[in-house]
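Just so we're clear, the structure is a prediction, and the values are computed from it rather than from any experiment. Lettering follows sequence order; numbering is per chain, from 1.
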Amino acid sequence: MAQKLARSSYSRPTLIVARDLLGKYLVRRIGRSFLIGKIVEVEAYRGSIDPASHAYRGRTPRNAVMFGREGHPYVYFTYGMHFCANIVTEDPGKAGAVLLRALEPISGISRMIVNRKKKERKRNPKRTDDRSLTNGPAKICQAFRIGRKENGIDLLGRKIYVTQGESIKHSEIERSQRIGIREGKEKKWRFSLKGNRWVSEGGRKI
DNA sequence: TAGTTGATCGTCT
DNA sequence: GACGATCAACTAA
């Protein structure tokens, strides 16, 4: 098993952490089985200096985890039905976070399919593509069974963590505008792997 | 293939 | 009471 990222990896400036997470492996342990995905798309949210961040208007019960220690997942519920997962960065109080937007499935794929409840596979062949398994922030949470319970647990623990993955060259990284937000749109704080098939749809249009 | 909309509810104003 | 760091199904062409 590859080496888990140390706490200090998450302590660095949010933009650096975001870029650096590309190519790393997100590992989710459920009982005895493991789900593994390579991180191919992320967005940086910079706490109190970023109007698009949930933490911009200060601490609330919902975003408390972001104001806590780095190296913990901030999982939030949105649109009445979806979860999205972030990784908290920088020192406590800074409320930096990196949103996981897309993964490339590496291991445990059949379980991811079950978790995503893909009963439509027969009826709609277009969607049988494995691309739709984890090419969006809410899809990742479904496939990896990340929800309220995982909010704020330690990424240095056993249930969810990040390991060293593939080394990524600077030239392989694409930098663009963030998706699905109004304020702070102009900031190019979204990072993805050029040409990777799992990069989310919203992103590849830009 | 592009554009639109329904689902569905916690959080903050 | 409004809306959201979304997704999937639907419509029109």
Round to the nearest Å and state the distance from [X] atom [atom1] to [N] atom [atom2].
{"X": "A/Asn151", "N": "B/dT11", "atom1": "CG", "atom2": "C1'", "result": "14 Å"}
{"X": "A/Arg148", "N": "B/dT11", "atom1": "CZ", "atom2": "P", "result": "7 Å"}
{"X": "A/Asn135", "N": "C/dT6", "atom1": "CG", "atom2": "P", "result": "13 Å"}
{"X": "A/Arg101", "N": "C/dT6", "atom1": "CZ", "atom2": "C1'", "result": "9 Å"}
{"X": "A/Glu43", "N": "C/dA5", "atom1": "CD", "atom2": "C1'", "result": "6 Å"}
{"X": "A/Ile181", "N": "C/dT6", "atom1": "CD1", "atom2": "C1'", "result": "14 Å"}
{"X": "A/Tyr74", "N": "C/dG4", "atom1": "OH", "atom2": "C1'", "result": "11 Å"}
{"X": "A/Lys117", "N": "C/dC7", "atom1": "NZ", "atom2": "P", "result": "15 Å"}

> Can you tell me how far CG of A/Leu26 sits from CD1 of A/Ile36, rounded to the nearest 0.5 angstrom?
Replying inline: 9.5 Å
>> Please report the interatomic distance CZ(A/Arg145) to NZ(A/Lys159), rounded to the nearest 0.5 Å.
In response: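 The NZ atom of A/Lys159 is 11.0 Å from CZ of A/Arg145, to the nearest 0.5 Å.
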>> Tell me which residues in residues 83-90 of chain A lie within less than 4.0 Å of DNA chain B, going by non-hydrogen atoms.
In response: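 Under 4.0 Å from DNA chain B: no residue of residues 83-90 of chain A.
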>> How close do A/Gly157 and A/Lys4 get, counting heavy atoms only, and between which atoms?
In response: O-NZ, 2.7 Å
> Closest approach of A/Val42 and A/Val98, non-hydrogen atoms and distance?
Replying inline: CB-CG1, 3.6 Å
Please check if any side-chain donor atom of [X] sits under 3.5 Å from a side-chain acceptor atom of [Y], or the reverse.
{"X": "A/Glu166", "Y": "A/Tyr25", "value": "yes"}
{"X": "A/Tyr74", "Y": "A/His54", "value": "yes"}
{"X": "A/Glu90", "Y": "A/Thr14", "value": "yes"}

> Can you tell me if CZ on A/Arg111 sees more than 12 non-hydrogen neighbours from other groups inside 6.0 Å?
Replying inline: no
>> Check this for me: A/Glu186, atom CD, are more than 12 non-hydrogen atoms of other residues, nucleotides or ligands nearer than 6.0 Å?
In response: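 Result for CD/A/Glu186: enclosed.
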>> So, using side chain to side chain contact (heavy atoms under 4.5 Å, CB included) as the criterion, who are the partners of A/Thr60 when residues are at least two apart?
In response: A/Arg62, A/Asn63
>> Taking side chain to side chain contact (heavy atoms under 4.5 Å, CB included) as the definition, give me every residue that meets it alongside A/Arg19, ordered by chain and number, with sequence neighbours left out.
In response: A/Leu15, A/Ile16, A/His170, A/Ile173, A/Phe191
>> For the P atoms, the ones on C/dA5 and on B/dG3, what distance do you get once it is rounded to whole angstrom?
In response: 23 Å
> Side-chain contact, heavy-atom cut-off 4.5 Å: A/Phe144 with A/Thr134?
Replying inline: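 A/Phe144 reaches A/Thr134 side chain to side chain.
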> With side chains defined as the heavy atoms from C-beta onward, is the minimum distance between A/Trp189 and A/Arg175 less than 4.5 Å?
Replying inline: yes
>> With nearest nucleotide decided by heavy atoms, which residue, A/Gly180 or A/Lys139, maps closer to the 5′ end of DNA chain C?
In response: A/Gly180
>> Below 4.0 angstrom, which residues in residues 46-70 of chain A have at least one non-hydrogen atom near DNA chain C?
In response: A/Ala52, A/His54
> Does A/Arg182 place a side-chain N or O at less than 4.0 Å from the phosphate oxygens OP1/OP2 of C/dA5?
Replying inline: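 No, no such contact exists.
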>> Applying the side chain to side chain contact (heavy atoms under 4.5 Å, CB included) criterion to A/Leu103, which one of A/Asn196, A/Leu133, A/Ile39, A/Val40 satisfies it?
In response: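 The residue from A/Asn196, A/Leu133, A/Ile39, A/Val40 that satisfies side chain to side chain contact (heavy atoms under 4.5 Å, CB included) with A/Leu103 turns out to be A/Ile39.
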Tabulated below should be each protein N or O lying under 3.5 Å from an N or O of nucleotides 4-9 of chain B; please produce it.
from: B/dT8; atom 1: O2; to: A/Tyr79; atom 2: O; distance (Å): 2.8

> Hey, where does DNA chain C pair up into stems, meaning at least three consecutive Watson-Crick or G-U pairs with distances under 3.5 Å?
Replying inline: B:1-7 with C:6-12, B:9-12 with C:1-4
